[in-house]
A.B. asks: 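Below you'll find the structure I mean.
In what follows, chains are A, B, ... by sequence order, proteins preceding strands, each numbered from 1. Fair warning: this is a prediction, and the values are worked out from it, not measured in the lab.
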Amino acid sequence: MSAQVVEELRERISALEGGPARVPIPTHPLLVGLLQLHAGGTYVVDSASLALTLAAGASRAGEWVGFAGWQEFGAEAATQWGVALDRTVLVPHPGEHWLEVTAALVDVLTVVVLRPAGTVDPKSASVLQARLRARSAALVVWGDWPRPDARITTRQVRWQGLERGHGRLRERQVRVDVRRGGPPLSGELVYPS
Amino acid sequence: MSARRTLVLWCPDWPVAAALAEAAEDGSTVSSREPAAVLVGNLVEVCNAPARAEGVRRGQRRRDAQSRCPDLRLLAAGEERDARYFEPVLALVEDLRPGVAALRPGLLAVPAPGRYHGGEEAAAAQIAEQVVAAGVWDCRIGVADDLYAAERAARRAEPQGWEVVPVGGSAAYLRSLPVAVLGDDGPEGRALADLLRRLGLVTLGDVAALEPGAVSNRFGDYGFDVWRRASGRSEARAGPRTPPADLDCEVSFEPPLESAEAVCFSVRTTAERFVAGLAERQLVATAVHVEATYDEFGGGGVSSRTWVHPRCFTSRDLVDRVHWQLQASSGLRSRRDAGAVRAPVERVRFLPETVESAADHADGLWGGGAAEQVVRGVARIQAMLGYDAVRVPVLQGGRSAADRQASVTWGERATGHRPVDRPWPGRIPGPAPVRVFDAPLPAEVHDPAHHRVGVTERGVVTGEPVRFRIDGAWQPVATWAGPWPLDDAWWSGDEEQGGRSARFQVVGVDGRAWLLVWRPRGWLVEAAYD
């Protein structure tokens, strides 16, 4: 609740600062109160599950999503998360052109998940971010990115259902921190939702 | 009532006719009256009427066929030859009537003429006469509102004759046909015909009388397609055809142009001419080959690439493709000289690679297609990285995590995947892993005595896994489960693919979970839960 208030206040501030009108992008219900994706935003995550969660919200709502540089994309998991595969664009090996590929995807998709092949220099990042703001897309980076709008990090993962030698993985509880400038917001996500 | 009617020309047992024609060209004496059969493997694939009269049937073994008809001429199958010998027939009919679509070697469709040419029967007579004069003595013609009824009518016609189904009469015409005619669709059709007969459905009319929902539920897509055809609702009129050469369009620049923008500006009318040329024949292109020839003084060379469109190319799409191709082949550069091309461009050429009937691409039929702007964005990536670089993930059935998914090239249809809705015993239950490795990574798993953990023939673990290593450092195991043993494809004798294996789920103390697989050769990481 307080998180929502903070979020609203931040939005009001950014509006006062003359920032671009940032359209909210459908976000996965698991993240309610923790994070709301906005068009033009860049979000850094440290795990594949978080990247998938961020993309799934938009895909569930009927938007197109894309994944660049993610070679080991788990298609079945993506469906279980709510990603519609027929509205998904996959560029597994963008190679040296990963920045151009991401720019082309950002032009036409709603959420683009990027797994950068190497380190990102601040200049290319700012060029892409300028492009991003002109379009109605959000960029999710699984890896690192200079000055993102928010950084979502996994603090702790607990698995249920597995014993020593029997059982099977059933449920995962993930504690995450969301940092966007100020002190981090913490939340508990439970998969599958 | 539809104004456009379809004429189908059918040459029965075409593979036999083509093989005999080839034999005649090679100098052996052949007669169209001698019994002959084309074999695939050791089975009769197609035989001609004289052979059928002696008791030779499709699917018979070579020995049985020869025992029934000792002077049977045995011919090898050759799909390419069938198509090659059919090409002159296509050209011949095309001279009489534009818009010819080859359905397969031996079968072609063409929009039936209206009042001109003296009506349908006169046109059929004219076509039959020309085709017979060209040496194809057995040809039959059918005319109907839709493709399917026309094909059936052609199959009922006499040799060198024709059968015309009256306007609006397709449904009534098809109703009386026995379900056995589905056998012409191939193995799928034969299986369905057999099933329908056992259900007591004897004619296509019986199928047409069924509830459409019940048909698609019980007989699948193919069954529904049969129902649609049987009830005369088929929209299909003509299929794809490899286009004749005169649909190519090219434009030369004198002097050669040095910027991509200039080339695109000058190529616009050519692109329009190309699309219009296809449209004149009721065709659209779904794959186009674009060739740009560079000036000799600038090093020469040709940039050529095939572009595929998930719908069909408009002239604007083609101009875009030229732009992207020229840019991509000049390499990625700074923004300042992004418009420059590798060398001055002398000529641009469009060649249609796959064309389809325009009717199939009419608006409304492609409701599920990708949004226009997505298609354009993806095409730009294809220009940079190549056509195969953009994928669409699909699910399929299978046991291991990697087997359960696949991807298809953007713009192509998913085919040949294993069905998802089977039980697949031995697969790992529960939430699916978010990372699935194409090439599994090596791993190590140890028991408390620091020995490698294994699995016995009976599927029992030799020791409790307590630590594991995936890349670099060892990590203690927090919890684990397994083994899920599997003995797959043991008959292949290939240790890499088949043989004994067992899967484990292992969670490290850092909370990350892995799907590991044990094989007699060692441990591998198949997937990660993150």
A.B. asks: Of the listed residues (A:A77, A:G74, A:G165), which shares the most heavy-atom pairs with chain B below a 4.5 Å separation?
C.D. replies: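 With the most close heavy-atom pairs to chain B, the winner is A:G165.
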A.B. asks: Does any part of the side chain of A:H97, heavy atoms only, come nearer than 4.5 Å to the side chain of B:L385, both counted from C-beta?
C.D. replies: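 Yes, side chains in contact.
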A.B. asks: Sort A:A78 into side chain, backbone, both or neither according to what part of it lies under 4.5 angstrom from a heavy atom of chain B.
C.D. replies: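 Contact with chain B: none, neither part.
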A.B. asks: Which bit of A:R87 is near chain B, if near means a heavy-atom gap under 4.5 Å: side chain, backbone, both or neither?
C.D. replies: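 Neither part; nothing is under 4.5 Å.
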A.B. asks: Does B:V392 reach the side chain of A:V89, with side-chain heavy atoms less than 4.5 Å apart?
C.D. replies: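 No - every pair of side-chain heavy atoms lies 4.5 Å or more apart.
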A.B. asks: I need the minimum non-hydrogen distance between B:D530 and A:A48, along with the two atoms involved.
C.D. replies: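 Taking every non-hydrogen atom into account, OD2-N, 2.8 Å.
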A.B. asks: At a heavy-atom separation under 4.5 Å, does A:R170 approach chain B through its side chain, its backbone, both, or neither?
C.D. replies: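 Backbone only.
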A.B. asks: Using a heavy-atom distance cut-off of less than 4.5 Å, which residues of residues 462-482 of chain B contact chain A?
C.D. replies: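 Only B:E464, B:V477, B:A478, B:T479, B:W480, B:A481, B:G482 of residues 462-482 of chain B have a heavy atom under 4.5 Å from chain A.
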A.B. asks: Consider side-chain contact (heavy atoms from CB on, under 4.5 Å). Of A:L109, A:D107, A:L105, which one does B:V374 pass it with?
C.D. replies: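 One option only clears the test, and that one is A:L109.
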A.B. asks: Less than 4.5 Å apart, any side-chain heavy atom of B:V390 and any of A:L90?
C.D. replies: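 They are not in contact (no side-chain heavy atoms under 4.5 Å apart), so the answer is no.
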A.B. asks: Do the non-hydrogen side-chain atoms of B:P431 and A:Q80 ever get within less than 4.5 Å of each other?
C.D. replies: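 Yes, at least one pair of side-chain atoms sits under 4.5 Å.
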A.B. asks: Does the side chain of A:F73 reach to within under 4.5 Å of the side chain of B:R435, using non-hydrogen atoms?
C.D. replies: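 Not touching, per the 4.5 Å side-chain cut-off.
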A.B. asks: Check whether any side-chain heavy atom of A:T79 lies under 4.5 Å from a side-chain heavy atom of B:L395, and answer yes or no.
C.D. replies: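 Result yes, sub-4.5 Å side-chain heavy-atom pair found.
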A.B. asks: Specify which of B:G511, B:A528, B:A402, B:P483 makes the most heavy-atom pairs with chain A at under 4.5 Å.
C.D. replies: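 Among the listed options, the one with the most contacts to chain A is B:G511.
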A.B. asks: Relative to chain B, which segment of A:E163 carries a heavy atom at a distance below 4.5 Å: side chain, backbone, both, or neither?
C.D. replies: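 The backbone, not the side chain.
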A.B. asks: Under 4.5 Å heavy-atom distance to chain A, tell me which part of B:Y529 shows up: side chain, backbone, both or neither.
C.D. replies: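 For B:Y529, heavy atoms of backbone and side chain both lie under 4.5 Å from chain A.
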A.B. asks: Side chain from CB out, backbone as N, CA, C, O: work out which of these in B:P433 comes under 4.5 Å of a heavy atom of chain A, or both, or neither.
C.D. replies: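 For B:P433, the backbone is the part near chain A, not the side chain.
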A.B. asks: Where do B:M384 and A:A104 come nearest, in terms of heavy atoms and distance?
C.D. replies: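 That closest heavy-atom pairing would be CE-CB, 4.4 Å.
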A.B. asks: Which atoms form the tightest heavy-atom contact between B:Q505 and A:L162, and what is the distance?
C.D. replies: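 Closest approach of B:Q505 to A:L162: OE1-CD1, 3.8 Å.
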A.B. asks: So which part of A:L52 gets closer than 4.5 Å to some heavy atom of chain B, the side chain, the backbone, both or neither?
C.D. replies: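 Interface part for A:L52: side chain.
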